[in-house]
Amino acid sequence: MDETHGTFPDEPGLPGMPAASAPATAATPYRVLARKYRPQTFDDLIGQGAMVRTLANAFSANRIPQAWMLTGVRGVGKTTTARILARGLNYVRTGQPDTGPTVSMPELGQHCQAIMESRHMDVLEMDAASHTGIDDVRGIIDGIRYAPVSARYKVYIVDEVHMLSEKAFNAFLKTLEEPPPHAKFVFATTEIRKVPVTILSRCQRFDLRRVEADVLSAHLKKICAAEGVEAEDEALAAVTRAAEGSVRDALSLLDQAIAHGAGAVTAAGVRDMLGLADRSRIVDLFEAAMRGDIPAAFAEIRAQYDAGADPAVVLSDLAGFTHLVTRLKLVPGAEADPTLSEAERVRGAQFAGRLAVRALSRAWQILLKALPEVQAAPRPLAAAEMAIVRLAYAADLPTPDEALRQLRADIGASESPGAGTPRPGGGGAMASHGSAALQMAPPPPSPRPVLTSVPSPATASAPAPRPTPAVPAGPRLGRFEDVVAQAEAARDIALKVALERDVHLVRFEEGRIEFRLAPGGRQSLANDLARALDAWTGRRWVVAVSKEQGAPTLAENSRAAEETRHQNAAAHPLVREVLSRFPGAQIVDVRDKAPEGEGAESASESVGPAAPPPEDPEDDDN
């Protein structure tokens, strides 16, 4: 029977066709690149230098543990490393003395070929995904008592160990902690969190890293040279980006790209194969969006869609380029990445010099939120176009301080004699032509504006300075606010709060206080206040509770004053303009502008009702 066509040599391949002649020699079956170039020694491993160095030192010092746990994402070489580790444990050169375990294997040893082909009697591989039960583990436990047949160690390789059942893990515990001297375990898993901590604590763990882009790109270039395949650097960079640090994924994509290009790997062929957009066209789309040119951006994304690019992939690449520009702006030497194309390297550096970080970060947030919308939308292209609209109009919105400066300038221009002429770059231009982030120069450095509060009618006649805490020795308490201030100075916070919240003052004179107690106030407040006043002043005070209505409490006066301040601030033209231009904005706090030459301390802090002026006549005049 013909092994190539599946027909007998004396029969035609199809009815009416001549019989196929038998081939002179059997065709060699094709091996994919991921298997053909699988590492055979520790020297062949790429990107795992820390693990190799640790194993070499452990072998040379004879500090060999009983179990290893290899973890990492798919395609970084966990199973391959386990086989190489089994080779190193059992490496013996033909005709040479036994030197023990080693990581240096310059030639095939006595057991190497059988171990690499998974047919050695003392190196047992088990796929835990298909052997999950306790019976499978019991077979290992029963066989581990016997010494190896020919090798130095009996090595058990368990792939995808996280798939074992709970009972299987429990059965492993005792054997894994105290195995025979001739037994070693090598576990591999992609889900390290699913492995019980009792298993992890008995193993020496190695986290296999994703292979760096430059190392993986150089590895692909070496394989292309060995295969006699011409490959463009940009094409290999695209394959490296798509592989995301996985060597097996990169080799599989390279294998597919070679077949797609009939032996030649080109950037255009890789883009067509992966459904990617042209990187230079992504840069054009980014420029149009950040310039606010929506028609050009729409035409570019439509052209890429017609060429076969997925809208979600286009937005993902656009977000990736936004991140690249940010890195070029903030990270020195980021342009040396070998996976970058010439357009990304040159034009990305230009954008990094012209765009502000706030514009880039806002563009990243818009694109990141738009990706799931495009992926779930019934019309992905329409969703992508709407995301481009948001990006063009919102990518360079001003920060709050810049908005305040612009509003001040607009109001000042409207109140000036020539207010009829619209200012260039104002709100109307922004609403018509997008953000135009690339055309806006960064604002000149200036101190953040301070919004001058509008004084309320209750406080406009006289300022309300903060009462100065009285001197502890015989303070003079000429008003009720002085009593409250003295309670604060004496650190009697409970009494201070009660005086502000529960006291409706009826009359006050030095030596006598009469008040109505608010509902819910503590009944012993009068006695507590009298004792405190006696201790503070050294004289007897009369504190009485009255049934008269009395004045509002200090807390009520403070809330009323705060509401008045907010109302007056909301009536300010500048604040009213801010609230109208930013829907959802609200006034959180109103503070007085600190007088010139007084440091950073605020002049008012939302205290109670306006305090009467000091008793000194000269101070009253001032």
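Remember, predicted model here, so these are calculated numbers, not experimental data. Heads up: numbering here begins at 1 and tracks the sequence.
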A.B. asks: Go through the steps for Q567 and E563 under the test side-chain hydrogen bond (donor to acceptor under 3.5 Å, both in side chains), then give the verdict.
C.D. replies: CA-CA 6 Å; Q567 293 172 0; E563 292 176 0; 5.1 Å; no

A.B. asks: Angle between ring planes, F480 versus F508, binned at 30° and 60°: parallel, tilted or perpendicular?
C.D. replies: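 F480 and F508: perpendicular rings.
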
A.B. asks: So, D249 and R74, do they make that salt bridge, N to O below 4.0 Å?
C.D. replies: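 Here D249 pairs with R74 in a salt bridge, since their nearest N and O are under 4.0 Å apart.
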
A.B. asks: Taking atom CD1 of I301 and atom CG of D306, what is their separation to the nearest 0.5 Å?
C.D. replies: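 These two atoms lie 11.0 Å from each other.
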
A.B. asks: Just wondering, are more than 12 heavy atoms of other shown residues or ligands nearer than 6.0 Å to CZ in R193?
C.D. replies: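 Counting neighbours around CZ of R193, 12 or fewer heavy atoms of other residues, nucleotides or ligands fall under 6.0 Å, so no.
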
A.B. asks: Using the ring of each side chain (for Trp, its six-membered ring), is F321 parallel, tilted or perpendicular to F286, with breaks at 30° and 60°?
C.D. replies: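 Taking F286 first and then F321, their aromatic rings stand perpendicular (interplane angle over 60°).
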
A.B. asks: Is the count of non-hydrogen atoms from other residues, nucleotides or ligands lying under 6.0 Å from R379 atom CZ greater than 12?
C.D. replies: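 Atom CZ in R379 is not packed in, count stays at 12 or less.
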
A.B. asks: Nearest 0.5 Å, please: how far is OG1 in T322 from CG in L315?
C.D. replies: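 With rounding to 0.5 Å, CG (L315) is 10.0 Å from OG1 (T322).
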
A.B. asks: Measure the spacing between CD1 of I199 and CZ of R205 and express it to the nearest 0.5 Å.
C.D. replies: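 It comes to 14.0 Å.
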
A.B. asks: When you look at NE2 of H504, are more than 12 heavy atoms from neighbouring residues, nucleotides or ligands closer to it than 6.0 Å?
C.D. replies: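 More than 12 heavy atoms, drawn from other residues, nucleotides or ligands, come within 6.0 Å of this atom.
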
A.B. asks: With a 4.0 Å cut-off, would you call D284 and R347 a salt bridge?
C.D. replies: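 Looking at R347 together with D284, the answer is yes, because their closest N to O distance falls below 4.0 Å.
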
A.B. asks: Charged N to carboxylate O below 4.0 Å: is that the case for E373 and K369?
C.D. replies: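 A salt bridge is absent here (no side-chain N lies under 4.0 Å from a carboxylate O).
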
A.B. asks: Tell me, yes or no, whether the heavy-atom count around F169 atom CZ, taken from other residues, nucleotides or ligands under 6.0 Å, exceeds 12.
C.D. replies: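 Yes, enclosed.
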
A.B. asks: Taking everything shown except R327 itself, do over 12 heavy atoms lie less than 6.0 Å from its CZ?
C.D. replies: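 No, the 6.0 Å shell around CZ holds no more than 12 heavy atoms from other groups.
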
A.B. asks: Give, for atom OG1 of T190 and atom NE2 of H162, the distance between the pair rounded to the nearest 0.5 Å.
C.D. replies: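 So the gap between those two atoms works out to 4.5 Å.
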
A.B. asks: Hey, what do you get for CZ (R512) to CZ (R540), rounding to the nearest 0.5 Å?
C.D. replies: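 With rounding to 0.5 Å, CZ (R512) is 11.5 Å from CZ (R540).
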
A.B. asks: Is E548 paired with R507 through a side-chain N to carboxylate O contact shorter than 4.0 Å?
C.D. replies: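 Yes, R507 and E548 are salt-bridged.
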
